[in-house]
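Structure first, then comments.
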Amino acid sequence: MFNNVFKIVYFVLFMLAFVVRKVFTASNRKREFIVEKKSPWDVLLLTFDGIGMLIPLVYVFGSGLDFADYPMPQWVGWAGVVLFMDAILLLYLSHAHLGKNWSPVLGIQKDHTLVTSGIYAYIRHPMYAAHLLWAIAQMLMLHNWIAGFSFIAVMIPHYLIRVGKEEQMMIDRFGEEYRAYMKTTGRVVPKFK
Ligand code: SAH
């Protein structure tokens, strides 16, 4: 347990990310969907995402996964720390600006509004970008074939399956307004006008 510095730093940042998410989602549990795109695949992949995020804790608090460690220079781990902090900031901004429109599964809620301001003025999927940065940071900080790669291995396929469906759902709901919004923003890489 905690036998290398990145295990400790990872745990602290993980808890920070967890708190950010909880602060925004704890008071926003009741959702009334008018459109719900809840597929068994999406739910399964969401579960796998969760497992991929939690495996590092098994690594941090135990030594059972240490057999899969590989050597890596320290600076790579510190680059991961910087990336994880950026991911947390992005997670915070996306939750703050998306507000009650957020939901873990894809859907349009009763009072859904299209958000095109704040961080969403530059990037359509800042929350997925935050998760991607998180997954890369995990890989850079935890030099272990299992704990380092457990999130990115699920997160990328899930993102690829989900993002097109989500944008189609937004087009179906908001039509030209969303199409115009797509032209001025980047998908996961911000577009600055
Ligand atoms: N893909 C976004 C949001 C993730 S939460 C991101 O990465 O930041 C998923 C829900 O957000 C979807 O069900 C969709 O209804 C909603 N959503 C996505 N983009 C939105 C936007 N620009 N305005 C309002 N709701 C949005």
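Sequence positions, counted from 1, serve as the residue numbers for this chain. Remember, it's 1-based here, ligands and their atoms both numbered in the order they're listed.
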Contacts of Leu89 meeting side chain to side chain contact (heavy atoms under 4.5 Å, CB included) (sequence neighbours excluded), chain-then-number -> Leu93

Across all chains, not counting sequence neighbours, the side-chain hydrogen bond (donor to acceptor under 3.5 Å, both in side chains) partners of Tyr128 are Arg162, Glu166

Residues passing the ring pair (Phe, Tyr, Trp, His ring centres under 6.0 Å) test with Tyr70, sequence neighbours excluded, are Trp145

Walk me through whether Val5 and Gln74 qualify under side-chain contact (heavy atoms from CB on, under 4.5 Å).
CA-CA 10 Å; Val5 65; Gln74 287 281 102; 4.2 Å; yes

| query | Is the count of non-hydrogen atoms from other residues, nucleotides or ligands lying under 6.0 Å from Tyr181 atom OH greater than 12? | reply | yes

Exercise for review: Return yes when atom CZ of Phe174 has more than 12 non-hydrogen atoms of other residues, nucleotides or ligands closer than 6.0 Å, and no otherwise.
Suggested key: yes

For ligand 1, protein residues within the heavy-atom limit of under 4.0 Å are Leu98, Asn101, Trp102, Ser103, Val105, Leu106, Gly107, His112, Thr113, Leu114, Val115, Tyr120, Arg124, His125, Pro126, Met127, Tyr128, Glu166, Met169, Met170

